Structure formats: structure tokens, C-alpha cells
Amino acid sequence: VQLQASGGGLVQAGGSLRLSCAASGLTFRSYAMGWFRQAPGKEREFVGAISWSGGIKYYADFVKGRFTISRDNAKNTVYLQMNSLKPEDTAVYYCAAGDVLRKQVEEYDYWGQGTLVTVSS
């Protein structure tokens, strides 16, 4: 199983980025997908998750109204559209696949390598 995250980079506060996570080696449409992030010196935290069908989405409170998670099962890809970015959003962002739609890190079975998002003030 491989999850390849991409789309990170340097952006000014207030800007936008779209992260992608391409999956292979698993039946993508059978898995819930999550996005997590980890800032330097902090624990990995939940950002958002989407059910296998895309019909149910969860978000962390700190991203509600700014980030949108979506998926394209035909392309085996999950996305995270990030708008109105803040310096505190700076972190490595990880995508993950799990059997059940959850918010906890330990509930996910497969992880990507992460993509760095840096938001300058």
C-alpha cells in the first residue's frame, strides 16, 4: 500500500493550497480517508476525514469553514483544499486510510509520507 501526498509548499497568510493524496495497492473506495498534521514539537493531530462514499465528512474545529476534504474514487485520490491559511497551520500534513471513519490517529492503518505546508505571516 502506498499513499503519496503532494501539494505542500510555502504560502502567505490568507492564501490557499490544495493537497492531494494518491493511493495505490488497496481498494481505495472501501476505505475512509483522513488528513492529519504534525507541527514541530507537537503531536500529530486530526484535521479532517471523509467516508468511503464521500457522503460523511468530519473536521477539526480549528479548520471548519476554511478547509474542505473531498475524494475521487475513480482516481484513487483524496484532496484537502485549504483556504484562509494561518501561520499556525504550518505543519507536515499526512493522509491516512482506515477501515472506519474516525478522528483518532491509532484508528488508521496506512499512512503517507507527509507534505510540508509553511504559512508565512
Side-chain angles (χ1 to χ4, degrees):
V1 175
Q2 285 194 333
L3 301 178
Q4 184 70 39
S6 61
L10 174 63
V11 63
Q12 288 189 332
S16 298
L17 282 174
R18 187 195 196 202
L19 305 184
S20 300
C21 174
S24 61
L26 77 170
T27 307
F28 181 75
R29 63 181 180 274
S30 297
Y31 283 84
M33 298 297 296
W35 285 98
F36 294 78
R37 70 185 188 185
Q38 189 165 17
K42 294 188 177 181
E43 292 187 351
R44 193 167 298 189
E45 64 179 355
F46 172 76
V47 174
I50 187 168
S51 63
W52 65 271
S53 68
I56 302 172
K57 301 177 185 180
Y58 294 154
Y59 295 99
D61 287 343
F62 55 78
V63 303
K64 283 182 180 177
R66 300 190 298 127
F67 293 8
T68 302
I69 190 170
S70 62
R71 66 189 295 160
D72 185 338
N73 286 346
K75 296 182 178 179
N76 287 3
T77 301
V78 62
Y79 304 97
L80 185 67
Q81 177 67 43
M82 305 187 296
N83 299 328
S84 302
L85 283 161
K86 305 175 181 180
E88 52 263 44
D89 293 319
T90 295
V92 176
Y93 283 71
Y94 299 89
C95 58
D99 290 336
V100 185
L101 184 63
R102 290 286 188 267
K103 300 180 181 180
Q104 293 77 25
V105 170
E106 59 269 22
E107 298 290 344
Y108 286 79
D109 302 310
Y110 305 107
W111 290 83
Q113 85 290 357
T115 184
L116 176 62
V117 172
T118 303
V119 184
S120 63
S121 58

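From a predicted model like this one, the values you see are computed outputs, not experimental measurements. Nothing fancy with the numbering, it's 1 onward along the sequence.
Residue-environment remark: CD (Glu88) exceeds the threshold of 12 foreign heavy atoms within 6.0 Å. Annotation: Lys57, atom NZ; neighbour count of heavy atoms from other residues, nucleotides and ligands within 6.0 Å is above 12. A 6.0 Å sphere centred on CD of Glu43 holds no more than 12 heavy atoms belonging to other residues, nucleotides or ligands.
Connection of Val117 to Ile69 is established within a shared hydrophobic cluster, with ILVMFWY side chains joined at heavy-atom distances below 4.5 Å, either directly or through further cluster members. Hydrophobic clustering (side-chain heavy atoms under 4.5 Å, transitive across Ile, Leu, Val, Met, Phe, Trp, Tyr) groups Leu80 together with Phe62. Taken together through direct or relayed side-chain contacts under 4.5 Å among Ile, Leu, Val, Met, Phe, Trp and Tyr, Val78 and Phe67 form part of one hydrophobic cluster. At a threshold of 4.5 Å between side-chain heavy atoms, the hydrophobic network of Ile, Leu, Val, Met, Phe, Trp and Tyr places Val63 and Ile50 in one connected group.
If you run ring pair (Phe, Tyr, Trp, His ring centres under 6.0 Å) between Phe36 and each of Tyr108, Tyr58, Tyr94, only Tyr108 comes through.
The main-chain N or O of Gly98 is never found under 3.5 Å from a side-chain atom of Arg102 such that the two would form a donor-acceptor pair. In terms of modelled atom types and a separation under 3.5 Å, the side chain of Thr115 and the main chain of Ser6 share no donor-acceptor contact.
Interatomic distance, Leu10 CG to Leu17 CG, rounded to the nearest 0.5 Å: 9.0 Å. Here OH of Tyr110 is found 14.0 Å from SG of Cys95. Values are rounded to the nearest 0.5 Å. Separating the OG1 atom in Thr118 from the CG atom in Leu116 is a distance of 4.0 Å, to the nearest 0.5 Å. Taking CZ of Phe28 as the start and CE of Met33 as the end, the distance is 5.0 Å to the nearest 0.5 Å. The distance from the CD atom of Gln12 to the OG atom of Ser120 is 5.0 Å, given to the nearest 0.5 Å. Taking OG1 of Thr90 as the start and CG of Leu85 as the end, the distance is 8.5 Å to the nearest 0.5 Å.
Across Ser51 and Leu101, no two heavy atoms sit closer than the pair N-CD1, 3.7 Å.
For residues 13-39, every residue pair satisfying the side chain to side chain donor-acceptor pair (under 3.5 Å) rule, not counting sequence neighbours, is listed here: Ser16-Asn83, Arg37-Glu45, Arg37-Asp89, Arg37-Tyr93, Gln38-Arg44.
For Lys42, the side-chain hydrogen bond (donor to acceptor under 3.5 Å, both in side chains) criterion is met by no residue, not counting sequence neighbours.
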- Please lay out, stage by stage, how Val100 and Glu107 fare under the test side-chain contact (heavy atoms from CB on, under 4.5 Å). CA-CA 8 Å; Val100 185; Glu107 298 290 344; 5.7 Å; no
